Number of protein chains: 2
Amino acid sequence: MDKSASILSTALKLFVQYGFHGTPTSKIAVEAGVSNGTLFHYFKTKDELVVTLYNQTKEELNTHLFEKIDQGETFKDKFRNMFVYSLKWGVAHPEEFFFLQQFHFSPHLALVPAEDIARHSQKHTQLLEGAVQAGIFKYLPTELIATLAWSQINGMYEFLVKCDLCSDKKEQIINDAFDLTWLMLVNPAKL
Amino acid sequence: MDKSASILSTALKLFVQYGFHGTPTSKIAVEAGVSNGTLFHYFKTKDELVVTLYNQTKEELNTHLFEKIDQGETFKDKFRNMFVYSLKWGVAHPEEFFFLQQFHFSPHLALVPAEDIARHSQKHTQLLEGAVQAGIFKYLPTELIATLAWSQINGMYEFLVKCDLCSDKKEQIINDAFDLTWLMLVNPAKL
DNA sequence: ATATAAACTGACTAATCACTCTACAAATGT
DNA sequence: ACATTTGTAGAGTGATTAGTCAGTTTATAT
């Protein structure tokens with residue numbers, strides 16, 4: 001395994017467990033099996049390591065998601081895939097998903113340029129924007145719809161982690177939750 | 001102003017801006033206008049300060065909320081008050097609200113005993129539990145309903161902060177969002 | 001008035017941390 | 001074969017930090 005990747009994956013584990021400032025770079029280096037100097041060879045500063053890890057993790061989730069979204073035929077299918085596979089990815093990669101949440105609600109978010117954040121959510125936003133324009137969703141600000149959908153996913157994730165269900169139950173309840181979200185956002189005139 | 005309270009309110013501001021570990025106790029003391037020793041006279045450790053601040057802030061929100069919930073006559077009124085006044089309180093106390101979110105998604109949450117967390121949400125949970133039993137809400141785990149409702153509030157808060165609307169628009173969109181949430185959770189047989 | 005306790009101070013400390021520096025090894029190009 | 005870049009190591013450094021301590025002021029009780 002490539003040392004840079006080893007540093008990133010070790011950092012992820014430790015950040016989730018001890019927080020950003022609670023994890024010294026020295027500990028990351030030791031647990032990753034590299035020297036202190038090597039860590040700073042790949043990442044100029046600790047902040048750069050944190051931000052790189054965020055961008056990389058976000059991109060992993062997005063790549064997975066875009067693939068699934070593209071598999072949907074109707075808009076509802078695409079939206080369902082976005083919802084369902086976000087959660088499935090989260091359940092399959094709990095550390096990564098938690099890290100994204102942790103980063104999002106920390107002052108480190110300010111280190112990511114606004115344009116990068118916008119780019120991360122560009123494709124999702126376009127998808128939703130189209131549905132608002134087409135009258136599929138209620139006539140509300142796209143930003144609001146995006147935020148509500150995302151927070152539903154976050155909330156569901158928290159529930160899935162808190163209540164350790166068998167994977168059948170998980171699947172079932174993810175689908176139920178999608179139906180609720182769809183019901184909430186869809187334009188009743190189109191039903 | 002009492003020194004202990006001054007320390008807490010200064011810590012809140014700095015934690016929100018720089019994060020927990022990014023804020024030295026020395027800085028808190030200076031900005032609060034007390035000596036370093038005084039800070040440790042009131043709070044044995046920095047972690048104790050953080051946790052105390054969390055418990056206090058959570059309690060402030062809860063006290064406010066319980067009062068508003070009790071003013072509702074029907075269950076829908078109570079639930080609406082919970083939803084609407086959570087957001088209004090958040091808009092009026094942005095630092096406090098952000099701090100609660102920041103703490104919730106940080107490893108510091110582990111420092112709060114599970115029973116304390118349960119106690120914090122006990123009354124809300126009871127309210128929702130009753131509505132599930134009475135068939136007002138869909139027949140879903142109360143925990144799920146609570147988590148979904150709470151994440152709707154979180155998401156709405158993020159939206160309100162991101163889009164700086166005038167207070168009339170804010171009021172309007174909070175009410176709209178409540179209607180969406182209600183629609184999502186309510187048992188259609190009871191409509 | 002005096003004793004006792006509580007509040008308060010700020011210099012101090014031991015530990016820790018992000019990051020640097022020098023040296024060496026491996027790969028790569030010519 | 002040689003030169004140059006790139007990767008790696010780990011001891012070292014200066015700054016910073018949570019927490020202490022010895023001593024002073026203020027409040028309270030008798």
Side-chain angles (χ1 to χ4, degrees), chain A residues 1-57 95 99 102-103 105-113, chain B residues 1-57 95 99 102-103 105-113:
Chain A
M1 192 186 200
D2 159 14
K3 303 218 171 191
S4 164
S6 166
I7 292 167
L8 284 167
S9 80
T10 305
L12 177 77
K13 269 170 214 130
L14 294 175
F15 286 157
V16 165
Q17 194 169 2
Y18 304 106
F20 301 121
H21 288 88
T23 308
T25 51
S26 55
K27 196 169 179 180
I28 298 172
V30 170
E31 299 229 351
V34 304
S35 76
N36 213 312
T38 300
L39 189 149
F40 284 95
H41 172 72
Y42 285 105
F43 307 97
K44 273 204 283 282
T45 64
K46 189 182 179 183
D47 279 347
E48 188 181 303
L49 168 62
V50 174
V51 171
T52 302
L53 186 57
Y54 173 74
N55 285 326
Q56 184 195 281
T57 309
E95 279 169 344
F99 174 79
Q102 184 182 6
F103 186 94
F105 288 102
S106 84
H108 278 86
L109 185 62
L111 297 177
V112 183
Chain B
M1 191 185 201
D2 155 17
K3 304 216 173 193
S4 164
S6 167
I7 291 167
L8 285 167
S9 79
T10 305
L12 177 77
K13 271 170 211 128
L14 294 175
F15 286 157
V16 165
Q17 193 169 2
Y18 305 108
F20 300 121
H21 292 270
T23 307
T25 51
S26 55
K27 197 170 180 179
I28 298 172
V30 170
E31 298 229 352
V34 305
S35 76
N36 211 316
T38 300
L39 189 148
F40 285 96
H41 172 71
Y42 285 105
F43 308 97
K44 273 204 283 280
T45 64
K46 189 182 178 183
D47 279 348
E48 187 181 306
L49 168 61
V50 174
V51 171
T52 303
L53 187 56
Y54 173 72
N55 285 327
Q56 185 195 279
T57 308
E95 278 168 343
F99 173 79
Q102 185 183 7
F103 185 93
F105 289 102
S106 83
H108 278 87
L109 185 62
L111 298 176
V112 183

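Every value quoted in this text rests on a predicted model; they were computed, and no experiment measured them. Residue numbering restarts at 1 for every chain, and letters A, B, ... go by the order of the sequence lines.
Distance, B/His41 NE2 to D/dC21 P: 16 Å, rounded to whole Å. Summarising the geometry, the separation between CZ on A/Phe43 and P on D/dT8 is reported as 12 Å, rounded to the nearest angstrom. Going from atom NZ of B/Lys27 over to atom P of D/dT17 covers 9 Å, rounded to whole Å. Counting to the nearest Å, the P atom of D/dT17 and the CZ atom of B/Phe40 are 12 Å from each other. For the pair B/Lys46 NZ and D/dT17 P, the computed distance is 8 Å after rounding to whole Å. Look at CZ on B/Phe20: it is 17 Å from P on D/dT17, rounded to the nearest Å. When rounded to the nearest whole Å, the span between NE2 of B/His21 and C1' of D/dT16 equals 15 Å.
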- Any chance you could lay out the side-chain contact (heavy atoms from CB on, under 4.5 Å) test for A/Thr10 and A/Val34, step after step, and finish with the verdict? CA-CA 11 Å; A/Thr10 305; A/Val34 304; over 6 Å; no

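In the 5' to 3' direction, nucleotides of DNA chain C lying under 4.0 Å from heavy atoms of chain A begin and end at C/dC17 to C/dT20.
Contact annotation: the side chain of B/Phe20 approaches that of B/His108 to within less than 4.5 Å [non-hydrogen atoms, C-beta and beyond]. In this structure, the side chains of A/Leu111 and A/Val50 stay at 4.5 Å or more apart for every pair of heavy atoms.
Across B/Pro107 and A/Phe15, no two heavy atoms sit closer than the pair CG-O, 4.3 Å.
With hydrogens and angles disregarded, no donor-acceptor distance shorter than 3.5 Å links the side chain of A/Glu31 to the backbone of A/Leu14. A donor-acceptor contact shorter than 3.5 Å links the side chain of B/Thr23 to the backbone of B/Gly19. Between the side chain of A/Ser6 and the main chain of A/Ala32, a donor-acceptor pair closer than 3.5 Å is present.
Within 4.0 Å (heavy atoms only), B/Thr23 reaches sugar-phosphate atoms of the nucleic acid but no base atom.
Residue whose closest nucleotide on DNA chain C sits further toward the 5' end, between A/Gly22 and A/Gly37: A/Gly22.
For the OP1/OP2 pair of D/dA9 and a distance below 4.0 Å, the side-chain nitrogens and oxygens of A/Lys3 include at least one atom meeting the criterion. Between A/Tyr42 and D/dT8 there is a side-chain polar atom (N or O) within less than 4.0 angstrom of OP1 or OP2.
Here the nucleotide nearest the side chain of B/Asn36, chosen from D/dG10, D/dG19, D/dT8, is D/dG19.
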